[in-house]
Novice: 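There's a structure below that I have some questions on.
Nothing here was measured: the structure is a model prediction, and the numbers come from that model. In the text below, chain A, chain B and the rest are named by the order of the sequence lines, each starting its count at 1.
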2 protein chains.
Amino acid sequence: MTDALGSVSLEDVARRAGVSIMTVSRAFRRPDALSEDTLEKVLRAAEALGYLPNQIASGLRSKRSQTVACVIPTISSPVYANVVQGIADAISPEGYSLVLGTSNYAVDEERRVMMSLLAYRPEAVVLAGGDHRPELTRSLARLKAPLVELWELVPKPLDMNVGFSNHAAGAAIVDHLIRMGSRRIAFMTVKVEHARVRARRATYEAAVTKVLNHAPIVIATDLSIEGGRRGLRRLRDRHPDVDGLFCTSDSIAVGAMLKAMELGWSVPDELAIAGFGDLEIGRHVPPGMTTVRVPEYRVGQVAGEMIVGRLLGRPEGARTVDVGFEVVARGSSARAESKRVRRR
Amino acid sequence: MTDALGSVSLEDVARRAGVSIMTVSRAFRRPDALSEDTLEKVLRAAEALGYLPNQIASGLRSKRSQTVACVIPTISSPVYANVVQGIADAISPEGYSLVLGTSNYAVDEERRVMMSLLAYRPEAVVLAGGDHRPELTRSLARLKAPLVELWELVPKPLDMNVGFSNHAAGAAIVDHLIRMGSRRIAFMTVKVEHARVRARRATYEAAVTKVLNHAPIVIATDLSIEGGRRGLRRLRDRHPDVDGLFCTSDSIAVGAMLKAMELGWSVPDELAIAGFGDLEIGRHVPPGMTTVRVPEYRVGQVAGEMIVGRLLGRPEGARTVDVGFEVVARGSSARAESKRVRRR
DNA sequence: TCTCTACCTGTTATCGTTAACAGAGAGGAT
DNA sequence: ATCCTCTCTGTTAACGATAACAGGTAGAGA
């Protein structure tokens, strides 16, 4: 009883209960394979000794670690935090635990962290879709475990893929701004662009070039409200003629909007603004931020369900799931309407 | 080469390199114990076969799982997300990985999740300080592994403790509001209070009772901007005579401030407001939200460092670290002198 | 009474690694 | 030549659990 927690093994319990270790093992793994008497005897002994199953030993022998490895860019972002929560909630009832790593948006780090997590022999792997080091891609391809790429829908998934199309989302927003009357639209993005942001940007560039016949106007800034303010200051200095602005993030968009109003640049009358992500604040800063809403938690949840389904050998569903997105039109782009786009 | 990743063992590498298994093991664990020739031979064989060490087997034999278990209320909150990032960044360079669980603010769930993580025999444990199930406390007490309770400084830490005092923070804010001229202060909190919020509230109640001689005025609402708006509406209806408001969270505070202005209740002239957490938006919603800033990332980082220090047998420092907090005074509680109107 | 099946429990070998110790050579000191 | 130390590598026996199979017992049916 004064032993350290975890120092009690099946053998100790078996000795106390007067049964074999296999019987104790069964008491935990397949209780219905034991007679009632035996089961109770074993459980009482385990309880008395404070037995805690050793998942490491179990994992070694059974080759089932009961873990899912997950590498994302960062958890200090509501987006990935919600995604991770969704995964955890989906796998936890089935007895799986999450082993987490972060790459800080760097492909080298992603590879390093993922390889170190693979040493724990996870039964499934989750990572953000997009760019990976070729070595990592090769390693993952050799992996027999179910694998999900999240968030971004990629052209050639390694295995399973859950998320939405940044291309479609970018196109939808630019289209929305154009329909709301904008004729000269700028794009405000983060300094270090990753694949997901690049997709939104590429779509923007194509759209303004083809539809509005003007050269892309791109401002790079920090991913924060303050960054948005600074970005808008620059936009005003260099391109006072724009009448529409698409920001890769709501943080930036809110900052830009606050600064625009401070400068007397009226939103949405002279400048329509749209963001990305549907942060709560966007709803509350007058006149309300038009944005793209992606069901983050749902992305994680679906990923978790796909994994669990595979691991439990359930009949397989689609390997790629588009959770869609929603353009939420608010005051910052004038006409109030909300329409749903692409869902399958 | 077409084997599944992870199906290659030390034995396979040993055979190919023409050495014993132990030599291969040493090539990875203590490379300097091998001659240069042998080391290179082994590494080449490992590379060719795509060998990936099996941390599960290693952990079983060496009793060193190289993991740290962490259970927090939720990661869908910037607070804990930053804390977790801090932990991960501190332990990762030393080769430790994070196994994460969430309790959703429920002590039963906390216990359940923690016990299931303990089955992986983590070398250290991190959890949010405050209430725990007595059974969990007992289990943790028997644990020989280093343990850190974080965020809240608790009266009797189980082992190590990093965070700040919610009592002190609550007192500092009420004191600040009083010095800024408030004489009747309300408290807006979340519906489901956990220990940490209760501490801020208890301090508030003591302060207003003793210093301002009025009964506590407490409004419970949802933890969101929208919740803050609704809370303020109720406050206005029921206690239009208050001239100060302390909210347990910046989200609530921002919502309350926006709503107050909408209702023509001038901030800070007629109502001084203070929040908690220093969300970025608080800085940008005019006239700026007075708040308490806690170094979240630092809390996680210090926790990680304490753990690693212990595990690596470094001389032990303090077991309790108070990272402190900072009252950030902004426009929402600006000084009265010229502007503040004494009401009624 | 004997066989057969169903149910329950035990035995054996093994998962991949590392701790602990053993042994082989090389080189130095005596 | 002998012994000793040092460096390097190998052998053996676990770590704690489970897969696979073996055996024992009880009750049913012949």
Novice: Here's a test for you: under side-chain contact (heavy atoms from CB on, under 4.5 Å), which of Val321(A), Val126(A), Asn161(A) qualifies with Met306(A)?
Specialist: Val321(A)
Novice: Can you tell me which nucleotide in dC15(D), dG10(C), dT9(D) comes closest to the side chain of Lys63(B)?
Specialist: dC15(D)
Novice: Once you round it to whole Å, what is the distance between P of dT9(D) and CG of Asp32(B)?
Specialist: 12 Å
Novice: Look for any protein N or O under 3.5 Å of an N or O in nucleotides 19-27 of chain D and output each such pair with its distance, or none.
Specialist:
residue : atom : partner  : partner atom : Å
dA19(D) : O4'  : Arg61(A) : NH2          : 3.4

Novice: Would you kindly give the CZ-to-P distance between Arg121(B) and dG16(D), to the nearest whole Å?
Specialist: 9 Å
Novice: Asn166(A): what forms a side-chain hydrogen bond (donor to acceptor under 3.5 Å, both in side chains) with it, not counting sequence neighbours?
Specialist: Glu152(A), Arg200(A)
Novice: Would you mind reading off the distance between Glu40(B) atom CD and dC8(D) atom P, rounded to a whole angstrom?
Specialist: 16 Å
Novice: Using a distance-only test with no angle check, is there a side-chain donor-acceptor pair under 3.5 angstrom linking Ser77(B) and Thr74(B)?
Specialist: no
Novice: Nearest to the side chain of Leu60(B), which nucleotide is it out of dT11(D), dA17(D), dG16(D)?
Specialist: dG16(D)
Novice: Output yes when at least one side-chain N/O atom of Ser9(A) is less than 4.0 Å from OP1 or OP2 of dG16(D), else no.
Specialist: no
Novice: For the pair made of CG in Leu10(A) and C1' in dT14(C), what is the distance, rounded to whole Å?
Specialist: 15 Å
Novice: Would you kindly give the CG-to-C1' distance between Asp37(B) and dT7(D), to the nearest whole Å?
Specialist: 14 Å
Novice: Rounded at 0.5 Å granularity, tell me how far CG in Leu150(B) sits from SG in Cys70(B).
Specialist: 6.5 Å
Novice: In whole angstroms, how far is the P atom of dG16(C) from the CD atom of Gln66(B)?
Specialist: 20 Å
Novice: When you check the phosphate oxygens OP1 and OP2 of dC7(C), does a side-chain N or O of Ser35(A) lie under 4.0 Å from one of them?
Specialist: no
Novice: Distance check needed: dA19(C) C1' versus Arg29(B) CZ, whole Å only.
Specialist: 14 Å
Novice: Give one of base, sugar-phosphate or nothing for Ile56(A), where a contact means two heavy atoms less than 4.0 Å apart.
Specialist: nothing
Novice: How many whole angstroms separate atom CG of Leu34(A) from atom C1' of dG10(C)?
Specialist: 12 Å
Novice: Taking for each residue the nucleotide of DNA chain C bearing the nearest heavy atom, is the 5' side occupied by Glu11(B) or by Glu36(A)?
Specialist: Glu36(A)
Novice: Would you check, one step at a time, whether the test side-chain contact (heavy atoms from CB on, under 4.5 Å) holds for Ile87(A) with Val148(A)?
Specialist: CA-CA 11 Å; Ile87(A) 302 172; Val148(A) 179; over 6 Å; no
Novice: Salt bridge check: are Arg64(B) and Glu123(B) linked by an N-O gap of less than 4.0 Å?
Specialist: yes
Novice: Classify the nucleic acid contact of Tyr51(A) as base, sugar-phosphate or nothing, counting any heavy atom under 4.0 Å across all strands shown.
Specialist: sugar-phosphate
Novice: Identify which nucleotide among dT18(C), dT9(C), dG16(C) has an atom closest to any side-chain atom of Ala57(B), counting heavy atoms from C-beta outward.
Specialist: dG16(C)
Novice: Should Thr23(A) be listed as having a side-chain N or O under 4.0 Å from OP1 or OP2 of dG10(C)?
Specialist: yes
Novice: Is the closest basic N to carboxylate O distance between Arg44(B) and Glu47(B) below 4.0 Å?
Specialist: no
